[in-house]
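Contents: one structure, followed by commentary.
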There are 2 protein chains.
Amino acid sequence: MHPQRLGYREIAAALRQDIRAGRYPPASVLPPEPELAQQYGASRSLVNRAMSLLAAEGLVRPRQGRGTIVTWLPPMLHSAARYSRTTRERDGNRGAFDSDVKAIGLEPQHEITVERAVPPAEVADALGVAHDELCLVRRRRLLASGIPVRINASWFPLEIAESTVLEEPGPVINGGIKSALSNLGYRQTTASERIVPSRLPTEAEASVLEISPERSVTEIVHVGQTAEGRSVEVTTTVAPAHYLVIEHEFPLT
Amino acid sequence: MHPQRLGYREIAAALRQDIRAGRYPPASVLPPEPELAQQYGASRSLVNRAMSLLAAEGLVRPRQGRGTIVTWLPPMLHSAARYSRTTRERDGNRGAFDSDVKAIGLEPQHEITVERAVPPAEVADALGVAHDELCLVRRRRLLASGIPVRINASWFPLEIAESTVLEEPGPVINGGIKSALSNLGYRQTTASERIVPSRLPTEAEASVLEISPERSVTEIVHVGQTAEGRSVEVTTTVAPAHYLVIEHEFPLT
DNA sequence: GAGTGGTCTAGACCACAGA
DNA sequence: CTGTGGTCTAGACCACTCG
């Protein structure tokens with residue numbers, strides 16, 4: 001099949017190209033490693049090492065006993081402007097996510113849970129609540145044909161969110177979270193974001209996103225404030241690195 | 001030395017901890033792989049695989065014949081607010097970078113080149129010039145004790161920058177680029193940025209940043225515009241992923 | 001049970017840097 | 001020349017999934 005002996009980087013490159021070219025579509029299963037080894041005239045160890053590269057890049061997700069699933073999603077999903085401020089505020093990206101995923105022939109899925117919990121210290125500080133204070137948290141997990149693409153957690157002080165529309169379970173809040181908060185008398189006028197482009201996932205994140213522990217993630221922490229300077233919403237986003245592109249625009253003084 | 005047999009992830013974890021704890025400081029050289037193999041009671045193959053993990057994370061840079069150099073830099077350099085808008089505009093981050101690097105006991109270095117070149121299509125489009133039009137480009141490479149930390153390229157239309165202070169070589173432009181452009185009659189009022197948190201480097205980038213091809217990078221494309229909507233400056237930043245943290249604040253409408 | 005990926009070894013050869 | 005990391009093999013055993 002392949003005339004020359006290839007190195008594991010070259011095997012990875014070949015598979016990478018096949019995947020991006022659509023020869024192995026997203027959510028499909030790659031041929032087993034022994035078969036690929038034969039195709040490329042290499043040992044299975046070598047193919048396995050090539051696979052580790054692709055897994056770390058996020059193109060692929062090997063699972064013991066089940067085979068290796070293609071987790072690469074074409075640029076459409078990452079691409080520009082969709083995650084811009086206006087869209088995000090309008091509907092929490094739900095619509096944009098759904099149409100992006102459908103556009104590449106996959107099935108968008110949402111999992112939403114609403115609960116009361118003590119936020120991590122970083123979030124508590126941003127919200128200005130005590131480290132042991134219960135808050136309301138709305139968690140979402142977005143998937144494309146079973147591939148986890150992003151997780152969100154939106155935190156609100158109980159004082160604000162208790163027994164409001166925010167505490168209702170269900171996939172959509174009419175007009176979005178910021179609109180709902182505004183109706184409750186907490187209109188946000190400024191927001192700040194901290195972006196960590198790449199870090200290793202926590203164990204919990206790796207498990208929920210179904211990625212290997214060495215696959216890095218991008219984290220965005222969004223804090224919304226009212227005109228009085230009160231932080232009323234902290235939303236954290238964690239996605240496997242490369243599933244996100246971020247755009248923003250700002251005035252220069 | 002180590003009672004139990006460790007897996008390569010565990011060996012990597014042990015080394016990771018040692019590095020972060022300062023047992024192997026930045027820019028120092030790790031013990032050779034055979035020695036580590038003996039320490040951990042494992043084969044060299046295993047240690048080598050652990051090293052691949054650390055290299056992909058960017059904690060370490062193994063070089064044939066020379067040994068494995070620690071390239072991890074403590075959070076101080078990444079940490080918040082330093083790369084915020086105000087600082088970046090003030091002095092192109094030069095001061096902040098120098099003091100960050102010195103604070104961890106390393107030597108900051110800058111390499112600056114100024115030349116005329118045809119920009120990549122993406123930059124040409126952003127500047128609104130033809131794809132074959134010569135532009136002025138100021139390139140910088142920032143290093144900490146020989147470890148490349150970041151590369152920048154600032155592009156300007158020749159029409160604006162020809163024979164101005166922007167074309168002078170040398171490390172600093174008094175007051176920064178935006179100030180210089182303002183003095184030339186091109187005051188910027190808005191900027192937009194596109195952030196690609198994680199992607200594989202081009203060959204050229206991997207070479208200039210001295211990273212392996214599978215070590216991902218973060219890219220920021222910054223476009224500055226005048227009140228008339230003319231793009232007068234495009235600055236691209238590429239850094240090994242995890243050397244950057246980004247913060248910004250914006251008004252909500 | 002059969003087939004998948006996950007891990008590991010022992011040893012080998014190579015490319016490169018430096019004394 | 002020696003010692004470094006880079007690559008590769010052949011084979012082994014394990015853990016997991018599914019029929």
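Lettering follows sequence order; numbering is per chain, from 1. Just so you know, these numbers come straight off a predicted model, no measurement behind them.
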Item to check | DNA chain C: 5'-most and 3'-most nucleotides touching chain B, 4.0 angstrom heavy-atom criterion | outcome: C:dT7 to C:dG18
Item to check | Value in whole Å for how far the C1' atom of D:dT17 lies from CD of A:Gln64 | outcome: 10 Å
Checklist outcome for this item: From CZ of B:Arg44 across to P of D:dG5 the rounded distance in Å is 7 Å
Checklist entry - Hey, which of these two, A:Gly7 or B:Gly67, hits DNA chain D nearer its 5' end, going by closest nucleotide? => result B:Gly67
Item to check | Pairwise 5' ranking along DNA chain D for A:Ser43 and B:Thr68, keeping only the more 5' one | outcome: B:Thr68
Next on the checklist: Quick test of your reading: applying side chain to side chain donor-acceptor pair (under 3.5 Å), list the pairs with at least one residue in residues 53-63 of chain B, sequence neighbours left out, ordered by first then second residue.
Outcome noted: B:Arg16-B:Glu57
Next on the checklist: Can you pull out every side chain to side chain donor-acceptor pair (under 3.5 Å) where at least one residue sits in residues 17-36 of chain B? Sequence neighbours excluded, please.
Outcome noted: B:Glu33-B:Arg44, B:Glu33-B:Asn48
Checklist outcome for this item: The correct set of residues in residues 45-63 of chain B placing a heavy atom under 4.0 Å from DNA chain C is B:Ser45, B:Leu46
Would you list the atom pairs, donor with acceptor, under 3.5 Å between side chains in residues 201-211 of chain B and any protein atom, with sequence neighbours excluded?
unit_1	atom_1	unit_2	atom_2	d
B:Thr202	OG1	B:Glu205	N	3.1
B:Thr202	OG1	B:Glu205	OE1	3.4
B:Glu205	OE1	B:Arg199	NH1	3.0
B:Glu205	OE1	B:Thr202	N	2.9
B:Glu205	OE2	B:Arg199	NH2	3.0

Side chain to side chain donor-acceptor pair (under 3.5 Å) involving [X] - partner list, sequence neighbours excluded:
X: A:Thr218; value: none
X: A:Ser43; value: none
X: B:Ser52; value: A:Arg49

Checklist entry - Nearest 0.5 Å, what's the OG1-CD1 distance between A:Thr237 and A:Ile195? => result 10.0 Å
Checklist entry - If you find the nucleotide of DNA chain C closest to B:Arg66 and the one closest to A:Gly65, which residue's nucleotide is nearer the 5' end? => result A:Gly65
Checklist outcome for this item: Across all chains, not counting sequence neighbours, the salt bridge (Lys or Arg N to Asp or Glu O under 4.0 Å) partners of A:Glu107 are none
